[in-house]
Novice: 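Mind having a look at this structure? Questions to follow.
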Amino acid sequence: RVGILGDSNSLKHRWPKDLAEQNPNLKISVFAKCGVTAAAGRNCIRQEIQLLEDAIDFKPHAVIVSLGTNDARAGTTPGHFRSGLADLLKILKTRLPESHLWILEPVGMTKKIVEHLGSLVQAAKDELLMGPTRAKWIPTCKMQDRDFVKDKVHLSPEGCKKIAKLASRSLRSISLDVAPPHTAQEQSICQMASHMQLQSTALNWLVEKMRTLNASNDLEAAFRVGRDAANSGLST
């Protein structure tokens, strides 16, 4: 289960729709609202209590937070943006301690957005690097004019496909459809597989192989199984 928490660029008919089409095995639910920001204020997403509660009740294995464009449009300071983002991540980490948290790099190409976006992006990266939540970053790379509609704020169909592909790539580094490991040894294997960026199908194969071979008593043997999985082309 993947929850997407964001602004109008993350409404279900935009890039989340492409993400679902690219990953039919994922259950994706969108919790987005036009105009919301990360920073405190009238449009702060933390004031959307029901939206946040719905996202938490979904019990996602992963949450992608897509905010910052409206903060840039409003001229939010980097410190204010980082503080708001940190507060949101703290809420998510406290309420969803087992979920993987991702921040999608904000986008936009209007003059006002471009003026402020770089400093907000750096503030977000600083929070991920030094903050306590250990969230991860999804870079949007260099966006081009054709990736936006005429207002240069909202994504075009081509831009949506590009964002979805980048999000898909990040999500493949974790397993979203494997039954929770039952033993400490199996947890070690799953962590090893995650570091190797095995796809969920490969991780399923790995865990089942480990159980079949009763490798839980021999971690070295299990590591060899994981290495064989990667060498067999099952890794991303």
Side-chain angles (χ1 to χ4, degrees), residues 2-12 14-16 19 29-141 143 148 151-155 163 166-167 170-171:
V2 178
I4 297 172
L5 190 63
D7 52 30
S8 57
N9 263 329
S10 297
L11 293 172
K12 62 176 62 178
R14 293 200 163 109
W15 69 264
L19 182 67
S29 195
V30 176
F31 309 92
K33 185 176 180 179
C34 296
V36 292
T37 63
R42 185 179 62 183
N43 297 318
C44 177
I45 196 168
R46 295 189 308 285
Q47 294 183 355
E48 301 294 334
I49 305 299
Q50 191 58 55
L51 190 73
L52 287 176
E53 288 300 321
D54 289 345
I56 291 166
D57 288 344
F58 179 56
K59 294 181 172 55
H61 297 88
V63 179
I64 299 177
V65 176
S66 177
L67 295 168
T69 299
N70 292 315
D71 293 272
R73 295 174 75 185
T76 303
T77 65
H80 200 190
F81 178 68
R82 177 178 173 180
S83 176
L85 188 62
D87 288 343
L88 175 61
L89 292 175
K90 183 178 179 180
I91 292 170
L92 294 174
K93 194 63 178 177
T94 300
R95 300 286 301 278
L96 298 167
E98 301 302 321
S99 297
H100 298 266
L101 302 182
W102 301 83
I103 303 297
L104 178 67
E105 182 178 347
V107 298
M109 294 193 73
T110 66
K111 182 178 179 181
K112 184 69 175 288
I113 290 176
V114 171
E115 285 177 355
H116 292 88
L117 204 56
S119 60
L120 298 191
V121 166
Q122 187 57 55
K125 288 182 176 180
D126 289 344
E127 177 58 31
L128 299 193
L129 181 65
M130 295 178 279
T133 56
R134 300 182 67 182
K136 295 182 180 179
W137 184 253
I138 301 177
T140 51
C141 304
M143 303 295 284
F148 298 89
D151 66 5
K152 296 186 178 181
V153 175
H154 296 101
L155 294 164
I163 295 296
L166 293 168
S170 296
L171 289 171

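For this chain, numbers begin at 1 and follow the sequence in order. Keep in mind that the numbers below use all heavy atoms, side chains included, and drop hydrogens, waters and symmetry copies.
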Novice: Under 3.5 Å, which donor-acceptor pairs link side chains of residues 4-12 to any protein atom two or more places apart or in another chain?
Specialist:
unit_1, atom_1, unit_2, atom_2, d
Asp7, OD1, Asn9, N, 3.2
Ser8, OG, His154, NE2, 2.9
Asn9, OD1, Leu155, N, 2.9
Asn9, ND2, Val153, O, 2.9
Ser10, OG, Trp15, NE1, 3.1
Ser10, OG, Ser66, OG, 3.0

Novice: So, for Pro60 and Gly3, which heavy atoms are closest and what is the spacing to 0.1 Å?
Specialist: CB-N, 3.7 Å
Novice: Which atoms form the tightest heavy-atom contact between Ile113 and Val107, and what is the distance?
Specialist: CG2-O, 4.3 Å
Novice: Please list, chain by chain and in numerical order, all residues satisfying side chain to side chain contact (heavy atoms under 4.5 Å, CB included) with Glu98, sequence neighbours excluded.
Specialist: none
Novice: Between Ser170 and Ile138, what is the shortest heavy-atom contact and its length?
Specialist: OG-CG1, 3.6 Å
Novice: Checking side-chain contact (heavy atoms from CB on, under 4.5 Å) for the pair Val121/Trp137: CA distance, chi angles, key distance, verdict?
Specialist: CA-CA 10 Å; Val121 166; Trp137 184 253; 3.6 Å; yes
Novice: Which residue pairs pass the side chain to side chain donor-acceptor pair (under 3.5 Å) test when at least one of the two sits in residues 37-48, sequence neighbours left out?
Specialist: Lys33-Glu48
Novice: Please tell me if the side chains of Leu96 and Ile56 come closer than 4.5 Å, counting only heavy atoms from C-beta onward.
Specialist: yes
Novice: Give every residue pair that meets the salt bridge (charged side-chain N to carboxylate O under 4.0 Å, His left out) criterion with at least one member in residues 101-114, sequence neighbours excluded.
Specialist: none
Novice: Let me have the donor-acceptor pairs involving side chains of residues 74-89, under 3.5 Å, with sequence neighbours excluded, atom names and distances please.
Specialist:
unit_1, atom_1, unit_2, atom_2, d
Thr76, OG1, Asp71, O, 3.0
Thr77, OG1, His80, N, 3.2
Arg82, NE, Glu127, OE1, 2.9

Novice: Sorted by first residue and then second, give each salt bridge (charged side-chain N to carboxylate O under 4.0 Å, His left out) pair with at least one member in residues 114-126; sequence neighbours left out.
Specialist: none
Novice: Could you give the distance from CD1 (Ile103) to CD1 (Ile64), rounded to the nearest 0.5 Å?
Specialist: 10.0 Å
Novice: Of all residues at least two apart in sequence or in a different chain, which pass the side chain to side chain contact (heavy atoms under 4.5 Å, CB included) check with Lys90?
Specialist: Thr94
Novice: Please answer whether the main-chain N or O of Gly108 pairs with a side-chain N or O of Thr69 as donor and acceptor at a distance below 3.5 Å.
Specialist: no
Novice: Which heavy-atom pair separates Pro106 from Leu117 by the least distance, and what is that distance?
Specialist: O-CD2, 3.6 Å
Novice: Which salt bridge (charged side-chain N to carboxylate O under 4.0 Å, His left out) pairs, counting each pair once, include a residue from residues 52-66, with sequence neighbours left out?
Specialist: Glu53-Arg95
